[in-house]
Every structure is written in structure tokens, then in C-alpha cells.
Amino acid sequence: MIAPYFSEALIQALHESKRVAALTGAGVSQESGLRTFRDPQTGLWAQHKPEDLASPEAFCRDPKLVWDWYAWRREALKGVRPNGGHYALAELERRLPAFTLITQNVDGLHRMAGSQNVLELHGNIQRVRCSICGTFAEDWQEPENEVPRCEVCGGFLRPHVVWFGETLPRAELETAVEAARSSELFFSIGTSGIVQPAASLAYAARNRGAKLVEINPEPTPLTPKVDFFLQGKSGELLPALVRAVWAA
Ligand code: APR
């Protein structure tokens, strides 16, 4: 791969910025072999209706269907490793005075890559809790033809992810908004930027004077607003950017 070109202004901004935040989406895990949601051919929502699988109504209607779909996604995660993009973000955290990583991803790959200061806005698919009393289950049996039940109240267990129509975890969202607003440089990486409230974070940062960097092979609704649009794959561009800034 030819070394991508990064403007002097971007390299300087990364050298000088004290407070940096980044929002990631499914695209950052694409090079690890995970499907995104809205890719017209391979996206999960190209083959499944989100309202049938990722909403409280869907779980009420058919808990087994929803449970099995998340079990299938957990299975698909087995053996999946972080890619260069995840590792480069972990390195940004080590090199920058204040770096906050905000992710919409439920795959846990950022932590697996060594990132510590991670806000999982949409939860984590490896975690399961009771749909009634909220108790987390560290491990559970997979009964043949039914959804596992909570040992405390007998309610159905459900994935610890945020479904459409549900509110985000308050503490994580408030910390994410604060990190965006106080950032001098804000990255939007591998996200189509259409799902709220995560999609508003870049605008919250920009409204407080932050410079915006977007990394995506395709333009998104945010692209006209950014200062630096790095068109390409995050697994290639992020490690190259870290090398370009801290090479010498
Ligand atoms: N590197 C960077 N970006 C990529 C790559 C890559 N290798 N491959 C694809 N992309 C981009 C796509 O061009 C697209 O803009 O990643 C984006 C993925 O967008 P979506 O599939 O919409 O995923 P995301 O933005 O994370 O979705 C947000 O929607 O379905 C819900 O809860 C789910 O968290 C998810 C939320």
C-alpha cells in the first residue's frame, strides 16, 4: 500500500491537541471480519429487519428468535481479533494527554486491543442481563428450545445491548457528550453517522470549536462538516497516521 498522505495541519493538530475524542462504528471492525449494519450487500440490516430482531417489541413478540440471533452474533465473534485500527486507537490513548474512545460497537474489540478509557454507548454483546430485574448473568445454560432464565426472578435473559427505541446508558452518554464538548480534535471513524444520539457527538464537538476528522471509505452526512476527511479503511489509515505523527 502506498503511504497515505496526511496534511501538515492534521499532523500538527494531533501533536498539539491535549484533549482528543473518537467515535467509532461498525466500520472499524469490518477488517476484523465483522459485518457492518448498513452495507447494501453485506450489512446485517440488508438481510434482517432491525424491528424484528433489535427492539424490545421484537423480544416481547418472539424472545427465542431475538435470543438466537444474538447467540449467532456472539458465535460469529469467536476467534475474531482486533485489527490495526483498534490497536492504533489504543496507542493514541497511550500517547495523548487525554483521549476518550466512544464506541457504538458491542463487539468488545477495543478493549481486547488494549484501550482502557472506552465508553460502550450501545452495550456489550458478551454481557447478558435479566429482562425483568436487570440482574447480570456471568454465565448461563443454553436450553434447547427456550430462552435462558434469570436465576433471581425467573425472567428471560437478554443481551446487554441498546435496542432501537431504548435509551442509552445515562452515565456513558453524559461522559461521551462531555468528552466531545471539551475535545480540541474529534474523530468519527467507521460510522454512517445516522443513528442518534451518537451521531450528534461530532456536531457537539464542532459547536465548541473542535476540529473534526472523519475516516471512512464512503462520504457520510457528516463529511461536508469535517476539517479532515481521510477516505479509506480505518485498519490501514489509523496505523499510518500514528506512524506519520510519532514516526521520528
Ligand atoms: N474502515 C472504516 N469505515 C468503514 C470500513 C472500514 N474498513 N468499512 C465500512 N466502513 C464504513 C461504511 O462506509 C459505513 O459508513 O462504516 C460505516 C458503517 O455504518 P453502519 O453499518 O451504519 O454502522 P454504524 O454507524 O456503527 O451503526 C450505528 O446502528 O444498527 C445500529 O446499534 C447499531 O451501533 C449500530 C448503529
Side-chain angles (χ1 to χ4, degrees), residues 1 4 22-56 58-59 66 69-70 73-74 76-77 80-89 101-110 113 118-127 158-169 172-173 176 186-203 212-226 228-242:
M1 188 184 96
L23 173 71
T24 65
V28 86
S29 296
Q30 185 269 333
E31 291 152 272
S32 293
L34 294 181
R35 294 157 64 179
T36 66
F37 292 94
R38 291 173 187 81
D39 180 292
Q41 270 75 47
T42 62
L44 288 168
W45 299 147
Q47 274 130 20
H48 309 281
K49 288 212 217 91
E51 60 273 21
D52 293 346
L53 292 165
S55 70
F59 190 68
V66 173
W69 190 61
Y70 282 92
R73 288 180 60 192
R74 266 194 301 275
L77 260 177
V80 169
R81 308 293 305 156
N83 62 62
H86 297 103
Y87 289 114
L89 288 162
L101 182 52
I102 307 158
T103 189
Q104 298 167 88
N105 300 345
V106 296
D107 56 33
L109 292 179
H110 284 304
V118 184
L119 299 168
E120 293 177 320
L121 289 185
H122 294 169
N124 187 311
I125 201 171
Q126 307 289 10
R127 302 195 70 197
R158 58 159 287 172
H160 178 57
V161 298
V162 178
W163 282 330
F164 289 98
E166 292 188 319
T167 54
L168 272 58
E172 282 84 348
L173 181 58
F186 186 95
F187 286 79
S188 179
I189 307 167
T191 181
S192 54
I194 56 175
V195 174
Q196 296 295 351
S200 301
L201 292 169
Y203 298 90
L212 298 186
V213 186
E214 184 176 33
I215 303 181
N216 198 315
E218 307 293 332
T220 70
L222 180 69
T223 309
K225 303 273 190 314
V226 305
F228 307 100
F229 179 48
L230 308 183
Q231 186 155 23
K233 296 186 169 193
S234 50
E236 296 166 3
L237 289 174
L238 279 166
L241 180 60
V242 168

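Start at 1 and go down the list; that is how both ligands and their atoms are numbered.
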Pair up each side-chain donor or acceptor in residues 186-195 with any protein partner under 3.5 Å, not counting sequence neighbours, and list the distances.
from, atom 1, to, atom 2, distance (Å)
Thr191, OG1, Gln104, NE2, 2.9
Thr191, OG1, Gly193, N, 3.3

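- Rounded to the nearest 0.5 angstrom, Thr24 OG1 and Ile102 CD1 are separated by 9.0 Å.
- For Gly235, the heavy-atom gap to ligand 1 stays at 4.0 angstrom or more.
- Remark: ligand 1 atoms within the under-4.0 Å shell around heavy atoms of Gly25 are 26 (O).
- The salt bridge (Lys or Arg N to Asp or Glu O under 4.0 Å) test applied to Glu214 returns no partner, not counting sequence neighbours.
- When each atom of ligand 1 is checked for a heavy atom of Phe164 under 4.0 Å away, the hits are 30 (O), 31 (C).
- Each of the atoms 6 (C), 7 (N), 8 (N) of ligand 1 lies under 4.0 Å from some heavy atom of Gln30.
- Checked against a 3.5 angstrom limit, the closest N/O atoms of Glu218 and ligand 1 fall outside it.
- Of all atoms in ligand 1, numbered sequentially from 1 with element shown, those under 4.0 Å from a heavy atom of Thr36 are 21 (O).
- The aromatic rings of His110 and His86 stand perpendicular to each other, their planes meeting at an angle above 60°, with 30° marking the opposite boundary.
- For atom 26 (O) of ligand 1, the nearest non-hydrogen atom of the protein is Ala26 N, 2.8 Å.
- Of the protein's non-hydrogen atoms, Gly190 O, 3.7 Å is the one closest to atom 18 (C) of ligand 1.
- With respect to atom 29 (O) of ligand 1, the closest heavy atom belonging to the protein is Arg38 NH2, 3.0 Å.
- Counting protein heavy atoms only, atom 6 (C) of ligand 1 is closest to Gly27 O, 3.2 Å.
- In summary, the atoms of ligand 1 found under 4.0 Å from a heavy atom of Pro217, numbered by their order in the structure, are 2 (C), 3 (N), 4 (C), 5 (C), 10 (N).
- In this structure, Phe228 CZ and Ile215 CD1 are separated by 12.0 Å, a value rounded to the nearest 0.5 Å.
- Among protein heavy atoms, the minimum distance from atom 25 (O) of ligand 1 is reached at Thr191 OG1, 2.7 Å.
- We find the CG-CD distance between Asp107 and Gln126 to be 8.5 Å, quoted to the nearest 0.5 Å.
- Residue-to-ligand polar distances place Gln104 within reach of ligand 1: an N/O pair is separated by less than 3.5 Å.
- Of the N or O atoms in Val195, none lie within a sub-3.5 Å distance of an N or O in ligand 1.
- For ligand 1, the polar-atom distance check finds an N/O of Asn216 within less than 3.5 Å of one of the ligand's N/O atoms.
- The option with the heavy atom closest to atom 34 (O) of ligand 1, from among His122, Gln196, Lys233, Gln231, is His122.
- When non-hydrogen atoms are compared, ligand 1 lies under 4.0 Å from the side chain of Glu31 (C-beta onward) but not from its backbone.
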